[in-house]
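For reference, the structure discussed in these notes is given below.
Basis for what follows: all heavy atoms, side chains included, without hydrogens, waters or symmetry-related copies. Because the structure is predicted, anything quoted here is derived from the model rather than measured.
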Amino acid sequence: MLYALYQLLDINLFSYITVRAGMGFMIAFGLTLYLLPRYIAWAIAKNANQPISKYIPAHDSKRHTPTMGGAIFLSSIIVAILITTDLTNLYILIGLFTIIGFGLIGLKDDLGKILSGDNLEGLTPRNKLMLQVIVGLIVSSILFYTGFPTTFYIPFFKEPLFDMGYFAIPFWLFLFLATSNAVNLTDGLDGLATVPSVIALTSLGLISYVTGHAIISEYLLVPNIKGVGEVTILAASFAGGLLGFLWYNCHPAELFMGDTGSLSIGGVLAYLAILGKSEVLLFLIGLIFVIETVSVILQVGSFKLRGKRIFLMAPIHHHFELKKWAENKIIVRFWMIALIGNILALISFKFR
């Protein structure tokens, strides 16, 4: 809408991505803050509560906390994107599809858990994975067949290592699956996944802006891809919506995002990393998500091979809970790790 006003009425202020990114952030933030108290009241009345696993006794106090808050902040984010972006931009349209596609998968899973009252109900792991594959494959195929560059970059090298060609599709698909599930695993404590996601969105938004800016990208020796800069607004809007959600999700949480939010966050992080040719950097940008996922892989692998567990419980934040760490201490320390990972990732941009 704002970009259309710039074109129709020649309002030059709305031509700047930075201005519209700031406005997208504020719209998503304000709308989320306005809607969430009303949703929380409705969810409590309807008993739309988060089912709690019987294997985590420390979480019994969270049993009556409403869930599916992701549906609210995603709605606010979509409204902000529709108002502030150029809706003729292909990357914005694909981004909207990514948000909605992964969000709907999570919504279906959340509804199954709420209606059954069991955290293990909802979509089966196989069905959830198949739906994620479908959405990820659609996005990856659209990017490939519309001519998005398939070159593969790694940090500290100014030239691509090679062109992935058709292998870009399965590689990007893997990134969508890994990231969406990694964020989903991390979303286990109040605000634990929210703040690292905001930090990661900020980093990837900056990278998107640089990638779409002809002069800055040339100076920093990063690939310049026309049109990618517009998704900076998408990243800013998403960060704004999540920050509004954090107002009610910080410890002690009044609301959980559910799979609706976590799967969509992961899908968007993967999408932004692909657009910014920062697939490898995503390991640092999403460092806390990587640590959580690796802890699960190590735990399962060790138990199957040796019959022994490495951690008291996985993902690793539960290990520290069982070690009697205070929940706030775990959360804040994980936030610090996430911030350090993103600082290292951004530093690598200058060293090429």
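- In terms of modelled atom types and a separation under 3.5 Å, the side chain of His319 and the main chain of Leu312 share a donor-acceptor contact.
- Between Glu321 and Leu189, the closest side-chain pair of non-hydrogen atoms falls below 4.5 Å.
- Ring-plane geometry between Tyr271 and Phe176 is classed as parallel, the angle between the planes falling under 30 degrees on a 0 to 90 degree scale with a further cut at 60.
- Using a 4.5 Å heavy-atom cutoff, the side chains of Leu234 and Ile99 are in contact.
- Within the 4.5 Å cutoff, the side chain of Thr232 has no heavy atoms near those of the His213 side chain.
- In this model, no donor atom of one side chain and acceptor atom of the other lie less than 3.5 Å apart for Glu254 and Trp247.
- Every residue two or more places apart in sequence or in another chain was checked for a side chain to side chain donor-acceptor pair (under 3.5 Å) with Ser278, and none qualifies.
- The aromatic rings of Phe29 and Phe25 lie parallel to each other, with less than 30° between the two planes, well short of the 60° mark.
- Side-chain contact check for Val139 versus Phe97: some heavy-atom pair is nearer than 4.5 Å.
- Applying the side chain to side chain donor-acceptor pair (under 3.5 Å) criterion to Thr186, with sequence neighbours excluded, gives no partner residue.
- The shortest distance between side-chain heavy atoms of Leu255 and Tyr39 falls below 4.5 Å.
- The aromatic rings of Phe152 and Phe162 lie parallel to each other, their planes meeting at an angle below 30°, with 60° marking the opposite boundary.
- Put simply, the side chain of Leu192 reaches to within 4.5 Å of the side chain of Glu292, judged on heavy atoms.
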